[in-house]
Student: 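After the structure tokens below, expect a handful of questions from me.
Letters go in sequence order (proteins before strands), and every chain restarts at 1.
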Amino acid sequence: MTVRTRFAPSPTGYLHVGGARTALFSYLFARKHGGQFVLRIEDTDLERSTTESVNAILEGMTWLGLEYDEGPFYQTQRFERYDQIIDELLERGLAYRCACPKERIEQLREKQMAERLKPRYDGHCRGKEVSADEPHVIRFKNPDTGVVVVDDMIRGRVVFSNEELDDLVIRRSDGAPTYNLSVVVDDADMGITHVIRGDDHLNNTPRQINILRALGREVPRYAHVPMILGDDGARLSKRHGAVSVIAYRDQGYLPEALLNYLVRLGWSHGDQEIFSLDEMIELFSIGDVNRAASAFNTDKLDWLNQQYLQHADPARIARLLSPHMGRLGIDPATGPDLAEVVRVQAARAKTLVELAEISAFFYRDFEGYDEGAAKKHLRPVARESLEQLAAAFELMSFEDWTPAELKHVVERVAEELGVNMGKVAQPLRVAIVGRAASPGIDETLWLVGKDATLRRIAQALRYIGARAAAD
RNA sequence: GCUCCCUUCGUCUAGCGGUUAGGACGCUGGCCUCUCACGCCGGUAACAGGGGUUCGAACCCCCUAGGGAGCGCCA
């Protein structure tokens with residue numbers, strides 16, 4: 001039997017991190033076992049489903065690199081099939097027409113709640129002959145005795161009593177099938193062997209198994225994964241910041257970092273923290289997924305993103321960084337090779353957005369100095385070293401403008417003035433960068449280039465002069 | 001209300017009857033150092049509570065508490 005898993009989102013919003021993790025687990029399980037991963041769009045709710053959502057989900061899957069082998073299938077294109085199944089159940093006496101008005105159902109529910117009972121349909125129309133001509137829904141005739149055992153790959157053995165279940169609606173009065181019916185038909189028709197989904201579906205599982213049995217179809221294995229909470233332990237929502245995977249992309253996270261973060265949420269392999277996709281496929285085991293919900297921790301995602309940023313191929317990061325530079329109004333082609341910039345800056349940023357921000361000075365003069373940095377380093381005492389540096393740089397040829405040569409020059413000036421490196425390098429850094437933080441002064445100067453270096457030193461000297469005059 | 005699920009440092013987790021309860025993020029002390037960051041060394045901090053079972057429980061059982069989900073003509 002070939003393993004087949006599926007991801008079945010309903011297109012009523014973007015792809016959020018919880019869904020992405022469920023998709024990842026399904027994907028990993030299929031890949032590990034040489035099976036197929038299917039994408040199915042559950043759009044039977046015509047009111048709330050939108051094509052924008054479908055596109056957002058597909059975009060998210062593509063960005064994450066979760067390739068599906070079949071699909072996307074759309075449930076709205078399979079209504080005929082659901083009708084066929086419902087008619088079959090009706091003919092075989094496994095389902096029946098119910099003409100109970102909504103008011104009766106509501107009254108029933110209220111009465112049951114008042115009696116501290118679980119609200120359930122009472123089977124009022126079970127034995128009745130309701131004409132197909134009058135308004136009605138179709139209900140599945142659920143067994144009223146015995147138990148249903150769900151042998152869940154994550155939860156273990158969960159037992160439900162049929163007495164807790166009622167005759168659920170499988171076809172609405174408008175003729176559309178309901179979720180519990182369509183999901184079962186699709187999983188069976190599509191040969192899904194392992195259903196990996198959110199644990200909010202655990203309570204629906206016994207109903208689905210009963211329908212499957214009535215249809216004489218094979219019951220798949222189930223794995224119900226716990227949900228993801230916000231940093232505060234509350235259910236994840238917009239107020240926690242980004243929940244859409246596309247928002248993470250836009251904020252400058254790498255897909256492999258997000259996948260790595262998500263796979264570790266609820267799962268682990270010893271003390272290992274960093275997993276390539278291949279390692280995930282090799283090592284992931286659905287049975288080892290934690291049963292408890294886990295909180296999304298952006299600090300740890302940031303750390304992972306930084307890890308990937310600094311170890312990834314600089315050329316690739318440069319390609320991903322380029323649009324973020326553009327967003328700052330910078331055309332990377334007008335300055336140093338972006339890949340070199342990435343090479344010297346990558347360990348200093350948590351996201352591509354941050355990487356772009358701290359790298360802007362390589363491409364354009366900054367607007368104003370960081371207050372604290374200027375106050376501390378751009379003082380009259382720095383005048384002499386900056387003047388000497390400028391004079392020395394002025395004499396350097398294009399060929400000599402290398403990190404090694406630049407380092408010699410700065411060291412020589414420090415030596416001549418009888419001060420340590422810091423006394424010379426820090427004022428220079430603030431003059432060139434505008435802030436007190438940057439890569440090594442040699443690489444910084446090298447990438448900024450001679451023209452901008454001299455221009456910014458002159459600017460810094462004017463600043464110091466103005467400041468001295470003001471005092 | 002009823003049914004089902006869950007509970008180890010602040011967070012993610014290891015543990016699968018005998019451990020000084022381990023690692024990671026965060027926070028923090030130090031080292032490295034031209035700054036920042038990286039890296040390295042160290043510190044902080046947890047078995048929800050109560051009963052059993054057992055020579056011995058974070059691990060097994062029961063109860064309580066606290067979270068969560070479901071109980072739709074949503075998915």
Student: Centre of A:Phe140's six-membered ring, under 6.0 Å away, within 45 degrees of the axis: is that where NZ or CZ of A:Arg207 sits?
Tutor: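 No, cation not above the ring by the 6.0 Å, 45° rule.
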Student: For A:Gly440, report the nucleic acid contact type (base, sugar-phosphate, nothing); a contact means any heavy atom under 4.0 Å.
Tutor: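 Here A:Gly440 touches the bases of the nucleic acid.
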Student: Would you tabulate the pairs of protein nitrogen or oxygen atoms and nucleotide nitrogen or oxygen atoms of nucleotides 39-47 of chain B closer than 3.5 angstrom?
Tutor:
from	atom 1	to	atom 2	distance (Å)
B:G39	OP1	A:Gln307	NE2	3.1

Student: Rounded to whole angstrom units, what separation is found between the CZ atom of A:Arg104 and the C1' atom of B:G72?
Tutor: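 Computing the A:Arg104:CZ to B:G72:C1' distance gives 16 Å.
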Student: Which part of the nucleic acid, if any, lies within contact of A:Ile441, taking any heavy atom under 4.0 Å across all strands shown: a base, the sugar-phosphate backbone alone, or nothing?
Tutor: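 It contacts base atoms.
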Student: Base, sugar-phosphate, or nothing: which does A:Arg435 touch, judged by heavy atoms less than 4.0 Å apart?
Tutor: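 Result for A:Arg435 = nothing.
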Student: Please tell me which of A:Ala436 and A:Gln272 maps to the more 5' nucleotide of RNA chain B, matching each residue to the nucleotide holding its nearest heavy atom.
Tutor: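 Closer to the 5' end of RNA chain B: A:Gln272.
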Student: B:G70, B:A37, B:C25: which one has an atom nearest the side-chain heavy atoms of A:Lys300?
Tutor: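 Of the options given, the side chain of A:Lys300 lies nearest B:C25.
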Student: Assess whether one donor atom and one acceptor atom, taken from the side chain of A:Ser294 and the base of B:C12, lie less than 3.5 Å apart.
Tutor: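 Checked by distance alone, the answer is no.
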Student: Just checking A:His377: base, sugar-phosphate only, or nothing, at a heavy-atom cut-off of under 4.0 Å?
Tutor: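 Nothing, no nucleic acid heavy atom in range.
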Student: When the C1' atoms of B:A48 and B:U7 are compared, how many Å lie between them, rounded to an integer?
Tutor: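 Result for the C1' pair: 7 Å, nearest Å.
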Student: Do the ring planes of A:Phe393 and A:Trp401 sit parallel (below 30°), tilted (30 to 60°) or perpendicular (above 60°)?
Tutor: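 A:Phe393 vs A:Trp401 ring planes: perpendicular.
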Student: Does a side-chain N or O from A:Ser173 land closer than 4.0 Å to OP1 or OP2 of B:C73, or not?
Tutor: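 A:Ser173 to B:C73 OP1/OP2: no side-chain N or O under 4.0 Å.
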Student: With a 4.0 Å cut-off on heavy atoms, is A:Glu47 in touch with a base, just the backbone sugar-phosphate, or nothing at all?
Tutor: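 Nothing, no heavy atom under 4.0 Å.
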Student: Could you list all N or O pairs between the protein and nucleotides 1-5 of chain B that sit under 3.5 Å apart?
Tutor:
from	atom 1	to	atom 2	distance (Å)
B:G1	O2'	A:Arg116	O	2.6
B:U3	O4'	A:Glu164	OE1	3.4
B:C5	O2'	A:Arg155	NH1	2.3

Student: Could you identify the nucleotide paired to B:C2, looking across every strand shown and requiring Watson-Crick or G-U wobble geometry with both distances under 3.5 Å?
Tutor: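 B:G70 is the nucleotide pairing with B:C2.
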Student: Sugar-phosphate atoms are those with a prime plus P, OP1 and OP2; base atoms are the rest. Using that split, label each nucleotide of nucleotides 60-65 of chain B B, S or - for protein heavy atoms under 4.0 Å, 5' to 3'.
Tutor: ------
